[in-house]
Amino acid sequence: MNTTGHDAAERPERARPTPHSLTGVGIAVLDASGRVLLGLGHDGRWELPGGKVDPGESFETAAARELAEETGLSVPATAVRVLAVVVDGSRGLTRVTAAAVAEGATGTPVVTEPDKIARWEWFPRDAVPSALFGPSASVLDHVWPEAVARGAAETYHYPVRTGG
């Protein structure tokens, strides 16, 4: 063993395995009225801000970064709460998505990625469109658990425990 406690002769395929999954975060941003921000994708489905988690990044930091990059809104990572981790196998790729929520974002939403989103719009809970991007639907299932489930049946939901 070397001084770092790792075997110096580790097999290359263990040091950097072939990727078989995607790790991301979807953030439900709620305004003072409790409405959620959704973006209309060019495929006709609505989605939450979010995206992939960069190496070494926490779910909360990724959510705050993606929110700023995609909408121009700002929220500190400390204001982001992860409610659950959702796993699905869409199109043969394991997708791990942190379901996050934040309130009190500052700024006005703008379309910063027009190749992905046509417009951003605020929706009250009872008016959320049914045409939702799958991971976004699963995130909303955790934000509003008392509502009718929107996410796909073939997903696995792992709620995050809070407190001791």
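In this text the structure is predicted, and so the values were computed from the model without any measurement.
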(message) Please report the interatomic distance CD(Glu70) to NZ(Lys116), rounded to the nearest 0.5 Å.
(response) 6.5 Å
(message) I'd like to check Leu37 versus Leu73 (side-chain heavy atoms, cut-off strictly below 4.5 Å). Are they in contact?
(response) yes
(message) Name the residue from Ser74, Pro49, Pro109 that meets the side-chain contact (heavy atoms from CB on, under 4.5 Å) definition with Leu67.
(response) Pro49
(request) With rounding to the nearest 0.5 Å, note down the distance linking CD in Glu66 to OG1 in Thr61. (result) 12.0 Å
(message) Between Trp144 and Val80, is there shared hydrophobic-cluster membership here, with clusters defined by ILVMFWY side-chain heavy atoms closer than 4.5 Å?
(response) no
(message) Restricting to non-hydrogen atoms, name the atom on Ala98 and the atom on Val139 that form the minimum distance, rounded to 0.1 Å.
(response) O-CG2, 4.3 Å
(request) Apply side chain to side chain contact (heavy atoms under 4.5 Å, CB included) to the pair Phe133 and Asp43, showing each step before the final yes or no. (result) CA-CA 10 Å; Phe133 176 58; Asp43 64 357; 5.8 Å; no
(message) To check you understand the geometry: which heavy-atom pair defines the closest contact between Ala64 and Pro76, and what is its length?
(response) CB-C, 4.4 Å
(request) For residues Lys52 and Asp54, determine if any side-chain heavy atom of one lies less than 4.5 Å from a side-chain heavy atom of the other. (result) yes
(message) Tell me the closest heavy-atom pair linking Asp115 and His42, and the distance in Å.
(response) O-CD2, 3.2 Å
(message) Give me the atom names and distance for the closest heavy-atom approach of Thr97 to Pro135.
(response) OG1-CB, 4.1 Å
(request) Rounded to the nearest 0.5 Å, what's the gap from CH2 on Trp120 to OG1 on Thr71? Could you check? (result) 6.5 Å
(message) Testing the basics here: between Val53 and Ala62, what is the closest heavy-atom pair and its distance to 0.1 Å?
(response) CG2-CB, 3.9 Å
(request) Could you walk me through whether Thr94 and Leu22 pass the side chain to side chain contact (heavy atoms under 4.5 Å, CB included) test, one step at a time? (result) CA-CA 6 Å; Thr94 300; Leu22 176 66; over 6 Å; no
(request) Enter the distance from Glu47:CD to Leu40:CG here, rounded to the nearest 0.5 Å. (result) 9.0 Å
(message) If you compare all heavy atoms of Ala105 against all heavy atoms of Val29, which two are closest, and at what distance to 0.1 Å?
(response) CB-CG1, 3.8 Å
(request) From the options Val86, Asp88, Val87, select the one residue that forms a side-chain contact (heavy atoms from CB on, under 4.5 Å) with Arg95. (result) Asp88
(message) To the closest 0.5 Å, what do you measure between OG1 (Thr112) and CD (Glu69)?
(response) 8.0 Å
(message) So, taking the atom named CG in Leu132 and the one named CG in Leu140, what distance separates them when rounded to the nearest 0.5 Å?
(response) 6.5 Å
(request) For residues Leu38 and Leu48, determine if any side-chain heavy atom of one lies less than 4.5 Å from a side-chain heavy atom of the other. (result) yes
(message) Do the side chains of Glu57 and Arg65 get close enough for a salt bridge, i.e. N-O under 4.0 angstrom?
(response) yes
(request) Only pairs at least two apart or in different chains count here, so list each ring-ring contact (aromatic ring centres under 6.0 Å, His included) that has a residue in residues 53-81. (result) none
(request) List the steps and the verdict of side chain to side chain contact (heavy atoms under 4.5 Å, CB included) for Val101 and Leu30. (result) CA-CA 8 Å; Val101 64; Leu30 305 178; 3.9 Å; yes
(message) If the condition is ring pair (Phe, Tyr, Trp, His ring centres under 6.0 Å), which residues does Trp46 pass it with, not counting sequence neighbours?
(response) Phe123
(message) Is the shortest side-chain heavy-atom distance between Leu83 and Val143 below 4.5 Å?
(response) yes
(message) If we ignore hydrogens and angles and just use 3.5 Å, is the side chain of His142 paired with the main-chain N or O of Ala100 as donor and acceptor?
(response) no
(request) Answer yes when Arg119 and Glu121 have at least one side-chain N-carboxylate O distance shorter than 4.0 Å, and no when they do not. (result) yes
(message) Main chain of Pro145, side chain of Asp141: is a donor-acceptor contact present, judged purely on distance under 3.5 Å?
(response) no
